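Here's the structure we're looking at; comments come further down.
Along the sequence shown, residues carry numbers from 1. Note that this is a predicted model, so its numbers are computed, not measured.
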Amino acid sequence: MATAIAAVTTTATRAVVPLPCKNASTAPSAAVTLGRREGLAACFAALTLSLARPAYAAILEADDDEELLERVKKDRKKRLERQGVIISSDKEKGYLQELIYKLSKVGQAIENNDLAAASSLLGPSTNADWVQNVNAAFAKLSASPEEKTEVDNFNSSLASLFSSVGDRDVEYSKLAFVSSASALEKWIGFAGLVGQLKGL
């Protein structure tokens with residue numbers, strides 16, 4: 001009896017099938033529709049981004065090109081202005097040419113240990129007229145920080161050269177001469193005067 005009841009209960013349980021919901025047939029289609037809408041929205045967003053990126057990149061490139069063009073224009077303007085200053089500075093270039101000849105003779109005298117001759121060529125002090133003329137040329141033709149730095153280096157070395165020659169110290173005179181000539185050569189390179197002055 002109990003076995004039969006259990007069997008019937010089991011059979012009845014198995015026979016019970018849940019009735020379909022009235023909206024069950026429409027749920028899948030709604031989900032599909034919603035999924036399609038989301039998919040289209042995602043595709044549209046991706047397409048928008050893909051189209052926007054090249055446009056944005058093009059704008060950035062255009063900006064970069066304009067900045068580069070402006071820099072080129074400014075550099076060209078500076079070069080032209082610089083050339084104009086150099087062309088109109090014959091007197092100053094003459095002072096610099098005299099400086100090169102003087103230093104060459106001073107160097108030869110020091111090399112021959114003839115510091116008396118070197119002293120005569122240099123003059124009594126850094127207040128000599130030729131030193132003042134050279135610094136006037138430096139002031140007119142120096143524009144960049146590098147040029148002004150080399151002018152300072154030159155004047156410092158030149159002061160040491162005057163002092164060493166005056167003390168008849170050959171070794172220090174040689175060092176001061178080399179330092180002065182090196183600073184002058186660097187300045188000439190920075191100032192764009194290479195090829196316009198003889199004796200370098």
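Looking at heavy atoms from C-beta onward, Phe177 lies out of side-chain contact with Glu111 at the 4.5 angstrom threshold. No side-chain heavy atom of Ser164 sits under 4.5 Å from any side-chain heavy atom of Lys174. Side-chain contact between Phe190 and Thr149: absent, with no pair of heavy atoms (C-beta onward) separated by less than 4.5 Å. The closest side-chain heavy-atom distance from Leu161 to Ile110 is below 4.5 Å.
Heavy atoms from other residues, nucleotides or ligands lying under 6.0 Å from NZ of Lys105 number 12 at most. The environment of Asp129 atom CG is sparse: at most 12 non-hydrogen atoms of other residues, nucleotides or ligands sit within 6.0 angstrom. At most 12 heavy atoms of other shown residues, nucleotides or ligands fall within 6.0 angstrom of atom NZ in Lys186.
Side-chain contact annotation: Ser157 with Ser179, donor-acceptor N/O pair under 3.5 Å present. Remark: the Ser144 side chain and the Glu147 side chain contain an N/O donor-acceptor pair separated by less than 3.5 Å. For the 3.5 Å distance criterion, the side chains of Gln196 and Lys93 qualify, holding a donor opposite an acceptor.
If you chain together hydrophobic residues whose side chains sit under 4.5 Å apart, Leu158 and Leu96 fall into the same group. In the hydrophobic cluster analysis, where Ile, Leu, Val, Met, Phe, Trp and Tyr join through side-chain heavy atoms closer than 4.5 angstrom, Leu193 is grouped together with Val151. With hydrophobic clusters built from ILVMFWY side chains whose heavy atoms lie under 4.5 angstrom apart, Leu121 shares a cluster with Val170. Side-chain heavy atoms closer than 4.5 Å link hydrophobic residues (I, L, V, M, F, W, Y) into clusters, and following such links, even through other members, never connects Tyr101 to Ile188. Put simply, Leu184 and Tyr95 are part of two different groups of oily side chains (I, L, V, M, F, W, Y) that touch within less than 4.5 Å, one to the next.
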**Stepwise side-chain contact (heavy atoms from CB on, under 4.5 Å) test for Ile100 and Lys198** = CA-CA 8 Å; Ile100 292 171; Lys198 300 177 182 179; over 6 Å; no
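Ser120 contributes no side-chain N or O that, together with a main-chain N or O of Ala116, makes up a donor-acceptor pair within less than 3.5 Å. Side chain of Ser119 to backbone of Leu115: no donor-acceptor contact under 3.5 angstrom is found.
Atoms NZ and CG, on Lys102 and Leu122 in that order, are 7.0 Å from each other to the nearest 0.5 Å. A distance of 9.5 Å separates OG of Ser180 from CZ of Phe162, quoted to the nearest 0.5 Å.
For residues 108-139, every residue pair satisfying the ring-ring contact (aromatic ring centres under 6.0 Å, His included) rule, not counting sequence neighbours, is listed here: Phe138-Phe154, Phe138-Trp187.
Shown here for Val165 and Ser173, the closest heavy-atom pair between the two residues is N-OG, 3.3 Å. A pairwise comparison of heavy atoms in Ala159 and Thr126 identifies CA-CG2, 4.0 Å as the closest pair.
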